Each structure stands twice: as C-alpha cells, then as structure tokens.
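Shown next, in structure tokens, is the structure this report addresses.
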Amino acid sequence: MKKEFQFLGKDFPRKEGRARANGFEKYPSDLYFDNMLYGRILRSPYPHARIKSIDFSEAEKLGAVCVSYEDAPGKRFNLRLVSVPKATYKDWQLFSDHMRQVGDFFGAVAAETEELAEQAARVVKVEWEILPAYMSMDAALAAKDNLIHDKVFLEDQEIKIKNNIACTREVVEGDIEAGFQEADVIVETEFETPRQYHCQLEPRSCVVRPEADGGITVWPTTQAVHNTRILIGSVFNLPLNKVNVVRITGGGHFGSGIHTNPVTLITTALALKSKRPVKIVQSREEDMYDHVRYPSKYVLKVGARKDGTLVAGHMRAYIDIGCHHIQALAYLGVMSGFWHSLYRMENMKYEGTAVYTNKVPTCAMQGYGAPQVTFGVEGTMDMLAEKLEIDPIQLRIKNYVGLGEVFWGQGPTVKSPIFSDGVVELLKKGAESIGYYKRPGSQKQTGRYRRGIGFARGFHTSGTGAPVPGEVKDYTTVQVKVNEDGTIDILTALMDHGGGTLDAAAKIVAEEFQVPFDKVGISPADTRSTGYDVCTHATRGVYCGAGAAHEVAKKTKDVLLEYAARYLDAYPDSLIFSYDEKSGQTRISVWGNPEKTTTIAAVAEHAMNKDWGTAIYSKSIRKVACPPAYTNYFVEVEVDTETGHVKILRVVAGSDAGTVINPILAKGQLHGGFYRGAGMALLENTSYDDKTGCLTNKGSMIDYKMLGIDEMPDPDDFEVIFADTYEPTGPMGAKGIGEAAFNPAPAAVTSAICDAIGIRFTKLPILPEDIMDALGEGHDK
Amino acid sequence: MRNFRFLQPDSVSTVLKAKEEERENGRILAGGTNLLSYIKMGRVKEGLLIDITRLDELKQIEDTENEVSFGASLTITELLNSSVVQNRLSYLHDTLTHFANPLIRNQATLGGNIADGSPIADTIPILLVLDATVTAASSKSERIIPLKEFFVGPGKTVLAADELLVKVSVPVHESSGVKMIKLGLRNGTACSVTSAAVRVEQDNKKLREIRIALGGVAPTPIRAYNCENALLDGLFDIEAAAGAELEALQQDINPISDVRGTAEYRRGVSVNLVKRALRSAAGMEV
Ligand SMILES: Cc1cc2nc3c(=O)[nH]c(=O)nc-3n(C[C@H](O)[C@H](O)[C@H](O)COP(=O)(O)OP(=O)(O)OC[C@H]3O[C@@H](n4cnc5c(N)ncnc54)[C@H](O)[C@@H]3O)c2cc1C
C-alpha cells in the first residue's frame with residue numbers, strides 16, 4: 001500500500017529542464033577548448049579484411065597527428081566492465097589490423113579543423129587483404145578458418161574460438177524430459193527479434209584534454225564514468241588518479257553507453273599522442289556502425305497440463321552478436337533469467353549460443369534481453385491459452401512469478417525474493433479499461449480495416465543487487481551534505497540519462513529531510529571527486545542509485561541530529577523534522593516540548609560557528625535485492641488490409657514501480673518505452689547487404705525508419721495505471737521503471753495484430769509486406 | 001578528394017552559359033535535398049555547383065485558361081501556398097501535403113524533384129496523369145518535352161548535358177477527377193514505397209478517358225498503358241472499372257525488392273492503390 005509523502009508522488013519540473021529547453025545544457029559535442037584538434041576515425045570499407053600496410057605520409061603532410069594499430073598496445077579487453085572479471089570475455093584491442101565489419105576502425109587522425117581532419121583521413125593509404133565475410137550465423141558456424149576471432153580471453157585465460165562461436169551458456173532447473181512427459185499440451189515455436197538501433201539523439205562522441213600534471217580529463221558519452229576511467233587507465237597504463245572522467249549530460253544512451261565506446265579510447269589515443277585536447281563527434285552513419293541491440297533467434301517449447309499449470313520449458317537460442325563481445329555471456333544469462341522469472345516452471349532448460357558475424361557489435365539496449373524473451377514467451381502463452389481454451393489473462397495469473405517467489409533479476413547469479421507485486425491488479429484494471437472482453441475478434445470482421453485488442457505482461461529488474469555476490473557488480477557511492485543555510489548537496493557519480501534519476505535522488509533526500517525539492521542540489525561530479533558507481537543500467541537508477549542516496553541521507557541526518565540535540569539540549573531520538581510551508585523552513589523540534597524548536601539552517605550554521613563540523617556523510621551502498629518492476633500493456637490496433645499498415649489506436653499501460661517518485665516523468669517513461677517497443681514490433685531493424693557487408697540503410701536515417709508522432713495514439717488515448725504497491729526494500733517504497741516500460745510492448749502489439757486479423761507473427765518487425773503476405777496466404781508467420 | 005567550385009548566377013542565361021561550358025560537370029543545385037546527400041555519399045565528387053534558387057525567373061507561376069505553368073525553382077512549400085494550386089489544382093495540393101516534411105518542403109524544388117529522375121519522386125505520378133510537359137532550355141534552344149517521355153532509367157532523364165529544366169506546364173482538366181495516393185513505411189518523412197495517381201473523365205457513368213501512373217514499381221515513374229487500355233477497351237462503366245481486378249496492371253509494372261519493400265508487396269499494393277485512387281477520382285466512396 002502506498003504511503004503519504006510530502007514531496008514524493010507529486011509532479012515536479014526537472015532540475016535541468018530549463019537549461020535543456022533553453023539550449024544552455026552542454027553535451028560532449030558542444031565542448032570547445034583552446035588549441036583543440038578534431039579527430040576522424042579511419043574505418044574499414046570491407047566486412048572482413050586484414051591490413052597489409054598503411055601509409056600516413058600524405059595525411060602527415062597536412063599536419064595531421066595519426067594513430068593506428070602500429071602504435072597501439074596489443075592488450076585485449078572488454079569495453080563493458082559491469083561484470084566481474086571471471087565472467088568477462090576480452091576480444092577488443094585499441095586498434096587492430098584485423099577488420100571485422102564494415103566501419104571497423106584501424107586508426108585515427110587529428111588535425112586543426114574538422115575539414116582538415118576529414119581530408120587527412122581520406123588520403124591515408126591502406127593495402128588490404130580481403131577475407132571471406134560471414135554475414136549470417138549459418139555461414140559463420142560453418143567456417144573452419146579465417147575466423148572472425150582466433151582466440152579471446154576469459155579473464156586472463158586464453159580461449160581458442162571454434163566455428164565463430166563466441167560463447168555458450170546452459171542453465172538447467174529440474175528435468176525437462178520428465179516435465180514434458182507430464183504435459184497435456186506442448187507448444188513449440190521459433191521466434192526472431194530484430195537488430196534495433198539505439199538511435200540516441202547524440203551520436204557517441206568524446207573530448208579528451210591532456211593536463212599539465214601528465215593526466216587527462218575526459219568528457220565522454222557514457223552511462224558509467226568510473227568504468228570508463230578504469231578502462232582508460234588499464235588500456236593506456238595510466239594511474240587512475242591521472243584519469244579524470246567527467247559526468248556530462250549525454251544526448252541519450254538507451255544502453256549504448258554501458259560499455260565504454262570505442263570513440264572514447266580513440267580520442268584518448270589521439271590526445272595522448274598529440275598532447276593537445278582532441279574532440280571526435282561521430283556522424284550518424286558512424287554511429288549506426290558502432291552499436292545495435294542484440295537480436296535473438298530461439299526455439300521455445302513449453303508444456304502445460306490441462307488445468308493450465310506449466311510443467312516444462314526449453315529454450316534454445318542463437319544470438320548473432322556481430323563482430324565483438326560486449327559481454328554476450330551476460331546477455332545469454334539474462335535471457336535465461338528473464339524467461340525464468342516470467343512464469344513458474346519446475347523443469348526448464350536454457351541453451352544459448354552466441355555467434356560472431358561480420359556485423360555491428362551488439363550490446364544492451366533498453367530492456368536488454370527482456371523484450372526479446374517476452375515476445376516469445378507471451379506469444380507462447382497466448383498460443384497455450386488458445387489450445388487449452390483458458391482465458392489468456394487467467395493463464396498468466398495462474399503461472400506468473402510473484403509475491404514470495406524468487407526473482408532472477410540479471411541471470412542465474414542475481415536473484416532475490418519478491419516483496420511487492422501489482423500484477424493481478426494491473427491485469428484486471430487494464431483489461432477493464434480497454435474493454436478486453438468486449439473485443440470482436442478477427443472472425444467477425446470483414447472490410448478494409450480490422451481492429452484488435454491484445455496485451456502482454458512483463459517486467460524489468462530494479463538493478464542487479466542481490467544478497468550474495470554474483471557475476472555483476474552493483475553499488476553506488478554517495479555523499480550527502482547539509483550546507484550552512486540548510487540547503488543540501490548530493491555528490492555521486494550516478495548518471496541520469498534524461499529519465500530524471502538524479503532528480504529522483506534529490507526528491508528522496510528532500511523527503512527524508514523534509515526540505516523542499518529546490519533546496520536539494522546535485523553537485524557536478526567526476527571520477528576524481530566521487531566513489532565508484534557501477535553504471536546507470538538495468539533500471540537501477542532509482543532503486544539502487546537514489547536508494548544509495550537515501551541510505552546516506554539517513555546517515556547525514558544522524559550527524560545533523562547530533563548537532564541539533566546539542567543545540568536544543570535534548571536527545572537526538574526525540575527530534576522531529578517537519579516542513580513549514582508558510583515560512584518555507586524545515587523545523588527540528590523536540591517532541592512534547594513545543595518551545596524547543598529550531599530550523600535545519602540554524603543548526604547547520606551554529607555547528608559551523610561552534611566548530612562542531614559539517615553534517616556530511618559518504619558511503620558505498622549495495623542493494624541486496626533486485627525487485628521486479630512489473631509492466632503490462634493493453635493495446636488496440638487497426639490493420640489496413642489493403643496496405644498492411646498497422647495503426648495503434650489506444651494503449652492502457654500498467655506499471656508497478658512501487659512508490660512513484662515523479663508521476664509525470666514516470667508516465668513519460670511509459671510513453672517512451674511503449675513507443676520504442678512498438679517500433680521494434682512494426683518497423684525498426686538494421687539489415688545487411690550480404691555482398692558488400694554494408695547496412696542496407698547505408699547508415700542513413702532515411703532508411704532507418706522509426707515510428708513517427710503520427711503513428712502513435714493521441715496522448716488522450718494513452719492511459720497509465722500505477723499499481724498500488726510499496727517495495728519494502730526500496731527507497732521510500734520505490735522500484736524501477738525505465739526498461740520495464742519497454743519490455744512487453746512488442747509482444748502486446750503483436751498480440752493485438754493477431755486479434756485483428758487472426759495471424760500470429762513470430763518474427764519482428766512485422767512490416768506491411770509481412771502482413772500482406774500473411775493475409776494473402778492466410779496463415780501464421 | 002571532393003573538389004567543388006560554386007556559382008551563384010544572376011540570370012538564367014548565365015546558368016545556361018555555364019552549363020554549355022561545363023556540361024555534366026556543371027551541377028545544378030536547386031534545394032539540394034538530393035544533391036547534398038549524393039555529395040555526402042560520394043556519388044558526386046566534383047564540379048561546378050550552380051545555385052539556381054535565387055533566380056526569380058525560375059520562380060514564376062503562369063495561370064492561363066487551359067494550363068498552369070510553374071518555374072522549376074519553386075519549392076514544394078511555395079506550391080502549397082499558391083492560390084492557383086489550391087484552387088485550380090487542388091488534387092496537386094493534396095498530393096504535396098504528403099511530401100516529406102515541412103523542413104524538406106521549404107527546401108525541395110519542383111524542378112529538382114523531376115530532374116532528379118527518381119522512380120519514387122512524389123510529384124511525378126500526378127503530373128503524368130495530368131499530361132504535364134516540361135520545358136528544357138540550353139544556351140542555343142528551348143524544347144518542350146511531354147513528361148511521359150522524360151524518364152529513361154533510375155536517375156536518368158532525356159535532359160542533355162547542357163540543358164536546364166526551366167518550367168513545368170500542367171493542363172487544367174476541369175471535368176476530370178484526379179487522385180494520387182502515396183504509400184510509405186510511415187506517414188511523415190517517408191519515401192514512397194509505391195504511389196499511384198489516377199485521372200478519370202466520365203460521361204454518364206461511362207469511362208471516357210483514364211490515366212494511371214505509378215511510382216516505385218519500375219526503373220522510372222510509369223504510365224500504366226496496358227491497364228488504361230484494358231479498362232477503356234472494356235467500355236467499362238465506372239462502377240465496373242473500380243471493381244475490376246486490374247490484371248493488366250501487372251504487365252505495366254516491374255518492381256524490385258529493396259530496403260523499403262519487396263517486389264511482391266509492391267505488386268500487390270499497386271492494385272489496391274490504383275483501385276482506391278480510381279474510386280476516389282471518380283467521386284465514389286472509398
Ligand atoms: C528527408 C528527406 C525526405 C524526402 N522525402 C521526399 C518525399 O516525400 N517525396 C519526394 O518526392 N522526394 C523526397 N525527398 C527527395 C527530395 O527532397 C526531392 O526529390 C526534391 O524535390 C529534390 O529537389 P531539390 O530542389 O532539393 O533538388 P536538388 O537536390 O537540388 O537536385 C536534385 C537533382 O536534380 C538536378 N536539378 C535540380 N534542378 C534542376 C533543374 N532545374 N534543371 C536540371 N537539373 C536540375 C540536380 O543537379 C540534381 O542532380 C526527400 C529527401 C530528403 C532528404
């Protein structure tokens with residue numbers, strides 16, 4: 001049940017909203033320093049090739065500073081440092097002579113102007129040896145030699161690669177053979193999800209400035225300043241106190257900044273060599289060749305008893321990871337985990353294989369593996385419901401993993417019990433609001449336009465904390481300090497990608513101290529002034545990050561209470577904080593002694609003047625649970641049977657985020673998450689020209705189509721329902737929302753299309769041509 | 001290396017003189033919405049860029065009894081804002097509202113849309129069914145070319161190396177019904193996957209004249225002559241025409257599969273688009 005709060009649960013304008021709207025906010029691509037050079041990255045035109053020789057002489061004549069694999073340390077690493085070392089595969093090098101995709105980088109140049117850098121990049125001469133390219137998993141798996149990687153390292157152990165298999169993972173619970181024996185009904189289906197491009201507004205970019213003390217300052221597009229620092233230190237052999245990575249607002253990430261982007265290392269290499277500040281802003285085209293969502297192809301087999309109880313499940317997944325590991329092992333793990341946590345099954349087996357191909361390296365994107373897995377699992381639940389003749393909502397309610405059960409938040413090594421659960425409430429309210437039981441169904445409709453209502457449910461973890469250490473690191477360091485006028489500063493390396501994570505931290509701290517929101521500030525942060533924070537990913541921003549701020553705020557408050565007790569001549573435990581709206585002051589009073597009262601400001605100032613000290617505290621906090629933030633979407637669509645176009649008419653979103661810190665931002669997350677999820681269902685994909693190895697969209701937005709504002713329902717037809725839940729392990733009852741907002745959306749849209757035209761799609765995106773094809777042939781796709 | 005020179009001429013005759021000297025190397029820069037992307041992609045690497053956007057001579061609209069003529073440098077936005085287009089060619093106005101997005105419309109010109117020679121240029125199908133002509137000028141002469149004879153292949157037109165497209169003339173068919181439908185992968189800022197335009201003249205519910213044109217289904221925008229003839233030969237009444245299966249259309253079109261859609265899809269939706277455009281042009285319920 002929700003609690004009453006002074007500030008939480010109310011809409012607040014964003015702290016940085018004004019700066020963003022007015023154009024004052026600075027992003028890496030806005031930075032300029034005197035004496036700065038501009039960099040350009042040298043890239044392979046071939047999907048698979050080796051460089052025989054490279055000639056920089058013409059570029060150097062233009063005054064360019066050049067770096068390449070020839071002057072790079074050979075060290076191998078992984079760009080993503082979220083996992084612990086023993087679970088980290090290393091196949092990246094700063095530069096390599098082995099080109100593994102079109103757009104792969106082998107060097108870079110820096111010059112006085114962007115134009116000159118561009119010119120210099122064009123006159124670099126390269127002699128190529130072209131290798132056979134593997135543009136599909138089948139081709140890659142069949143290969144015996146000319147592999148994309150011969151060897152990689154797992155922590156420090158060398159691993160020989162065979163058949164381009166990057167890694168595999170198996171997770172088994174119970175005995176599926178025995179389980180399937182018990183099943184009355186079995187559904188087995190192959191599902192496939194697309195390579196969706198993050199399309200964050202700001203392409204991955206970086207500025208690096210060498211400092212007089214021999215160190216460097218780095219302004220990257222990243223979701224994790226500390227991991228960026230640690231990687232730079234290790235790749236370039238720099239002591240960490242000489243690498244300062246600054247938290248700067250990024251123009252969106254969606255997961256593309258969990259790992260340190262290659263551009264960050266490349267810019268660093270140029271800055272170290274030139275001893276001058278260097279800036280690289282990638283073009284959109286370069287960015288499209290830089291990162292992409294993991295696609296997934298898997299066969300899912302699920303068995304159920306007549307009464308709807310699920311008894312066994314088997315998932316065999318093949319993941320085309322492109323030409324590098326950005327931690328495919330973790331991806332395979334979360335696929336198994338998200339599946340495991342959707343529906344209870346005593347017997348289950350997951351087998352995942354990650355395959356290298358000569359394509360863009362895949363990485364996390366909003367939802368990580370959850371949208372991919374949820375698409376197939378929810379599709380399978382619909383099919384089972386049909387076969388068993390059980391209401392699809394009831395089938396879910398019967399089998400979902402909920403209150404009191406164990407939730408796998410981030411694969412098999414990150415799990416904790418579930419303490420809050422709004423699933424049933426949200427399913428019932430959503431069905432009611434959209435009129436789920438009044439839908440006509442595909443059989444009764446004729447004519448050009450057919451309408452359908454569908455739904456899907458899912459969740460995301462809130463962070464990757466757990467009671468015992470697992471494969472993923474998860475903690476955040478925060479300092480909270482009360483200033484001499486009673487205002488408060490929060491210092492932390494926690495990142496905010498635009499969703500309001502830092503605002504949430506400020507709001508929670510404001511609530512704890514009972515001071516108004518605008519009296520709590522977020523200090524600028526860099527790696528030199530802050531303790532470690534793992535990364536803002538895995539929907540951990542509010543639950544873990546702001547949660548850490550809350551825990552530290554309580555400690556800071558204890559210090560303040562000590563001072564206040566001395567000041568008021570009372571005992572700390574008898575002091576009460578209350579906000580007085582009229583004076584705008586937060587009072588500290590002794591209970592039962594109304595005359596003994598003061599303000600935070602007075603105590604803080606007095607403590608300074610008496611040399612008692614500042615009320616300040618700093619600590620690293622790890623969460624010991626990873627609660628599920630449940631979501632569901634009910635969607636109504638209209639399918640145009642003349643063109644195959646799908647129009648989304650209405651959406652009812654259900655979100656169990658625990659205490660909702662800032663409703664207007666939380667709703668924004670749901671609108672945004674649904675929007676991209678619907679895009680994954682209907683449009684977004686990056687495909688390849690197998691002959692050239694190029695993206696068929698050629699890195700151009702003209703042919704990377706995303707839904708437009710026209711394709712989204714009117715905001716009035718997008719209803720949001722928040723569950724009435726309170727997460728006992730969360731900061732003031734809060735869980736996460738960001739990725740949860742995405743995860744069931746593709747499945748829900750697919751389910752609505754099926755309701756409209758009677759055809760179930762198992763491969764995304766569902767393009768107009770697929771719908772026309774299926775309507776022509778009249779069967780599932 | 002990219003190597004461009006730039007010319008901002010003050011008259012059409014200067015443009016034509018430059019074209020005569022530079023020939024293929026003299027690149028007409030109108031709105032640049034295509035040309036700049038060609039330069040960026042490396043398809044165009046050098047030459048003299050001849051900016052024609054400031055020439056008032058190419059921005060005139062002539063409104064006569066039977067015909068409206070448009071200067072080649074008029075932008076799509078200028079056409080949309082023109083009262084002549086709004087009143088006398090309302091179907092053209094309707095078509096242009098689906099063109100790209102407001103930013104591109106402010107920049108893109110009619111001449112650029114035609115001279116570019118793209119099979120999916122959105123002004124073409126409707127101009128084809130209206131029997132439009134274009135005027136090409138060189139420093140020596142001027143000629144009028146029916147639009148249906150203008151396109152040779154993807155990106156190729158009959159314009160000679162020294163010619164400039166100066167004018168587009170559109171006959172006004174007072175008694176015709178006209179409709180163009182554009183189909184993209186989404187509504188805003190989308191290239192056509194397939195588009196279809198139809199013009200019908202009817203006489204007592206009988207089909208007297210019909211023009212059908214399509215984009216995105218062949219190497220150039222096309223007139224669907226087989227389909228037109230099949231409908232006329234059948235002496236169809238308009239109801240029957242709108243209900244016909246249009247088998248002959250498949251002989252007119254020759255679509256390919258590309259990043260925006262499969263050939264199969266284009267074949268299928270072409271029929272649906274033509275039927276719908278036909279019904280709409282004939283004033284029937286769609
Ligand atoms: C984001 C985006 C969306 C788009 N959407 C659409 C759309 O919805 N529909 C559509 O049809 N197109 C679309 N386009 C393509 C383009 O905008 C149009 O084709 C436009 O009309 C081209 O006109 P322009 O003036 O920009 O031509 P330019 O790019 O300046 O020129 C195009 C070509 O024609 C030549 N040329 C131009 N004018 C003349 C002339 N008078 N005589 C001889 N040669 C000439 C140029 O030399 C060049 O080769 C889009 C483009 C972009 C970038």
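Only a predicted model underlies this, so the values are computations on that prediction, with no experimental measurement involved. In the text below, chain A, chain B and the rest are named by the order of the sequence lines, each starting its count at 1.
- Rounding to the nearest 0.5 Å gives a distance of 10.0 Å between CZ of B:Arg260 and OG1 of A:Thr696.
- Ranking A:Asn685, A:Asp710, A:Ile709, A:Leu683 against chain B, the residue ahead of the rest is A:Asp710, based on heavy-atom pairs under 4.5 Å.
- Remark: A:Leu767 CG to B:Thr262 OG1 distance equals 9.0 Å, nearest 0.5 Å.
- Every residue meeting the ring pair (Phe, Tyr, Trp, His ring centres under 6.0 Å) condition with A:Tyr197, not counting sequence neighbours, appears here in chain and number order: A:His291, A:Tyr704.
- Distance check: B:Met41 CE to A:Glu285 CD gives 9.5 Å after rounding to the nearest 0.5 Å.
- Neither the backbone nor the side chain of B:Ser37 comes within less than 4.5 Å of any heavy atom of chain A.
- Within the 4.5 Å cutoff, no side-chain heavy atoms of B:Arg267 are placed close to those of A:Met772.
- Across B:Gly184, B:Gly268, B:Cys191, the residue that shares the most heavy-atom pairs under 4.5 angstrom with chain A is B:Gly184.
- Summarising the local packing, CD of B:Gln86 is surrounded by more than 12 heavy atoms from other residues, nucleotides or ligands at distances under 6.0 Å.
- When all heavy atoms of B:Arg276 and A:Thr643 are compared, the closest pair comes out as NH2-CG2, 3.5 Å.
- The ring pair (Phe, Tyr, Trp, His ring centres under 6.0 Å) check on A:Phe718 picks up A:His671, A:Phe674, with sequence neighbours excluded.
- In this structure, the portions of B:Leu185 lying under 4.5 Å from any heavy atom of chain A include both its backbone and its side chain.
- Note that CD of A:Glu711 is 7.0 Å distant from CZ of B:Arg186, once rounded to the nearest 0.5 Å.
- Here B:Ser257 contributes atom OG and A:Glu769 contributes atom CD; the two are 7.5 Å apart, rounded to the nearest 0.5 Å.
- A donor-acceptor pair under 3.5 Å is formed between the side chain of B:Asn272 and the backbone N or O of A:Glu642.
- Note on B:Thr194, B:Val259, B:Leu273: by heavy-atom pairs under 4.5 Å with chain A, the leading option is B:Val259.
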